[in-house]
Amino acid sequence: MSTKEKISEELLLEEDVLKENEIILYNDDVNTFDHVIESLIYACDHTPEQAEQCSLIVHFKGKCTVKTGSYDDLKPRCSKLLQAGLSAEIV
């Protein structure tokens, strides 16, 4: 195995270790923009601008990554979104 191949392999292994989980928020026909924005501010510590942008992405694209991090950090945040009646999951 060449040095170049070995370095590439090590980088790929590091990328796998460094991958973070994501909370994906999905669009629905029930919740208002204001409710989604308030929920993102509360659960994900978004700024009002960030929450508004995410709500627009969800509306037009159907889903949006709203928070990345460790699973232990994301689990309670995702639970708050679910309790608020939003559709979200950790991936």
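Computation of the quantities below employed the complete heavy-atom set of this structure, encompassing side-chain atoms and omitting hydrogens, waters and symmetry-equivalent molecules.
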Atom pair CD (E52) and OG1 (T47), whose distance is rounded to the nearest 0.5 Å: 9.5 Å
V66 backbone acceptor or donor facing H46 side chain under 3.5 Å: yes
Rounded distance [0.5 Å steps], CG in L81 versus OH in Y42: 10.0 Å
Work out which heavy atom in L40 is nearest to a heavy atom in C54; give both atom names and the distance. CD1-CB, 3.8 Å
Taking everything shown except F33 itself, do over 12 heavy atoms lie less than 6.0 Å from its CZ? yes
How long is the span from the CD1 atom in I41 to the CD atom in Q50, to the nearest 0.5 Å? 9.5 Å
H35 and A84: which non-hydrogen atoms are nearest, and at how many Å? NE2-O, 2.6 Å
So, taking the atom named CD in E20 and the one named OG1 in T65, what distance separates them when rounded to the nearest 0.5 Å? 11.5 Å
Hey, are the side chains of T68 and L74 touching, using non-hydrogen atoms and a 4.5 Å cut-off? no
Please report the closest heavy-atom contact between I37 and S55, naming both atoms and the distance. CG1-OG, 3.7 Å
Mind checking the CG-CD1 spacing from L25 to I57? Nearest 0.5 Å is all I need. 10.5 Å
Looking at S87 and D28, what are the two nearest heavy atoms and their distance? N-OD2, 4.5 Å
With the side chain counted from C-beta on, respond yes when V36 and V58 share a heavy-atom pair under 4.5 Å apart, and no when they do not. no
Taken to the nearest 0.5 Å, the spacing of K75 NZ from I23 CD1 works out to 10.5 Å
Salt-bridged, R77 to D45, with N to O below 4.0 Å? yes
